[in-house]
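Only one structure is covered here, and it is reproduced in the block below.
This chain uses plain numbering: 1 for the first residue, then up along the sequence. First listed ligand is number 1; within each ligand, the first listed atom is number 1. Predicted model only: the values in this text are computed from it and were never measured.
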Amino acid sequence: MKVVFVCLLLLYTVWALPRVDPLVETKKGLIRGLQATDGDYSMFLGIPFAKVNASNPFGPSLPYPDFDDVFEANDDTAICPQREEFNNQLVGTLDCLHLNVYVPNKATTRNKLPVLVWIYGGGFTIGFAGRFVHGPKYLVKQDIILVTLNYRLGPYGFMCLDTPEVPGNQGLKDQLSALRWVKQNIDSFGGDANKITIFGESAGGVSVDYHLLSEQEKLFNQVILQSGTAQCPWAVADSDRSTPLALAKRLGLDTDDVEDALKFLATVEPNLVVAASLEIPNRFVPCIEKDIGVERFITSHPVNSPIPKAKDVLILTGYNNQEMLVPFVNRPISSLSLNTFRRNLAMMFDLSDDEELESIVRQFYVGDDEVSEEIRWDLMDFESDYTFGHPVHRSLHKYLENGGRVYHYIFSYAGGRNFVKYRNNVTIGGASHADEISYLFDVAIFKESPSEEDQLIIDRITTLWANFVKYGDPTPETTDLLPVKWTPITKDAFTYLDIDRELTIGSRPFHKRTTFLDLFYKANKHLLIANKEN
Ligand SMILES: *[C@@H]1O[C@H](CO)[C@@H](O)[C@H](O)[C@H]1NC(C)=O
Ligand SMILES: *[C@@H]1O[C@H](CO)[C@@H](O)[C@H](O)[C@H]1NC(C)=O
């Protein structure tokens, strides 16, 4: 009798509380999450995966200790120090190396689901993983597990001094720690540790590419790079020993001793350090690490790096059809300048006193025209190509040369939820940089539910991405939703999917501009700064 009674009680309890807080046992200890209210999934928010070294916050992060008690994973608000883009406020703390895991209710240890891990963009100076931008409901609806992770930014993530204390790429190594955590622990959540895709946009895409290039162990099976690869001219800089001195000086300590400066900076409020970092010309982006006896992440210039992983990792990559639209729409004519050609080319090429190189590119895009309203969009095309489109195109070639299987897309849709256009009140033109993000994630700045037309794009892009995650093929079969077959590129057939109101298959996007830049790079390979350094 007693046994039956206990069973009944148990049944009753389970029945009466259909929403039990999910509790998961991981290698790091017990983690309790929350049931979501906007879908059939649970959320594990703000799980710490690494710890910043308080006496050297600019250096490599340390392992996070195992949990003694149940870790209550209910807070996704941690944000690494930065001046964030929504309120323009200096925010964040160094206790920010957290990740979030979103698990469809149907995932179990017997029914493991594939895993998709997001690395945010933001020029390596801004960004955060929380639901304000990365609402998970569209992606988890596709029966995949979504992970979003934080990494350090600006001076804390990307100071590069060629010393064991600050070897460089700390932010990328934070990501690496998070990916190791996912590989080790995701099966406790019902995730398939042998089916992991990492994806990112802009600096996040660059990061994904560096994970592909790096000689570290392979922690993923597939990658998605949106509008950013390591071939971007802004994706790499030299080490710079003057950075801590410049920061310390702005904050009141005049010294020429790097160690003194670092010791001092470790005691300063992170918000003040970030503020100072925005006032000096020094850059905070990935760098090529010297061999100084500590773990290295980037060991050679991305322009020259082989990509051995490319043949074992499926790749999906593309960009938006008017990447630089928003910066160019409202810019007064007086701020447009033909100097953009020299300034941009100098990021990759040794122009020395060669006037001709610059004029060839200028003539291709704008002829002999002076700055006027007429050439606004030509200048936009140049910057879109040079900064985003052509780097992705060069990466496609590199992946192919290394035996990669690559799906290529162009995102052209201009609807009601284009992230960056919406925020800047831009209604004309195509898809600007980062506009696609709000069709993958439920971004909190959109208060109303999507229009029918926007919802269709959400359904399409999340299904394409999820099919790739699940099957390694974005269109394993044609359906009403996805009526076209999207095939990988080959050397002779540079096919791509145009994601717009209609889905269409094209070949060689922007082929005139792209081929011009192909020729330009080929003819001037010897002038690439990357090649001169070797
Ligand atoms: C933290 O940084 C300090 C200063 O560089 C270093 O001496 C110490 O070994 C680091 N801690 C660990 C656990 O690595
Ligand atoms: C967009 O329009 C809104 C409402 O008119 C305004 O408050 C906001 O400042 C505008 N944003 C930009 C970036 O112009």
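- In terms of protein heavy-atom proximity, atom 14 (O) of ligand 2 is nearest to Asn425 ND2, 3.4 Å.
- Ring geometry, Tyr422 versus Phe446: the interplanar angle falls from 30° to 60°, so the pair is classed tilted.
- Counting atoms of ligand 1 from 1 in the listed order, those under 4.0 Å from a heavy atom of Asn56 are 2 (O), 4 (C), 5 (O).
- Within the 4.0 Å cut-off (strictly below), no protein heavy atom is located near atom 9 (O) of ligand 2.
- Nearest protein neighbour of atom 13 (C) of ligand 2, counting heavy atoms only, is Arg423 O, 3.6 Å.
- There is a protein heavy atom closer than 4.0 angstrom to atom 2 (O) of ligand 2.
- Judged by distance alone, with hydrogens and angles left aside, the side-chain atoms of Gln170 form a donor-acceptor pair with the main-chain N or O of Gly168 at under 3.5 Å.
- Taking CZ of Arg362 as the start and CG of Leu379 as the end, the distance is 11.0 Å to the nearest 0.5 Å.
- Of all atoms in ligand 1, listed by their number and element, those nearer than 4.0 Å to a heavy atom of Leu62 are 12 (C), 13 (C), 14 (O).
- Where the criterion is an N or O separation shorter than 3.5 Å, residue side chain and backbone included, Asn53 meets it with respect to ligand 1.
- A donor-acceptor pair under 3.5 Å is absent between the side-chain atoms of Glu165 and the main chain of Thr163, judged by distance alone.
- Aromatic pair Tyr439/Tyr413: ring centres closer than 6.0 Å.
- The CG atom of Asp442 sits 4.5 Å away from atom NZ of Lys137, with the distance rounded to the nearest 0.5 Å.
- Considering only residues two or more places apart in sequence or on other chains, Arg423 meets the salt bridge (charged side-chain N to carboxylate O under 4.0 Å, His left out) condition with Glu85.
- Considering backbone and side-chain N/O of Asn424, none are found under 3.5 Å from N/O of ligand 2.
- Protein heavy atoms are absent from the space less than 4.0 angstrom from atom 5 (O) of ligand 2.
- Between Ser55 and ligand 1 there is a heavy-atom distance shorter than 4.0 Å.
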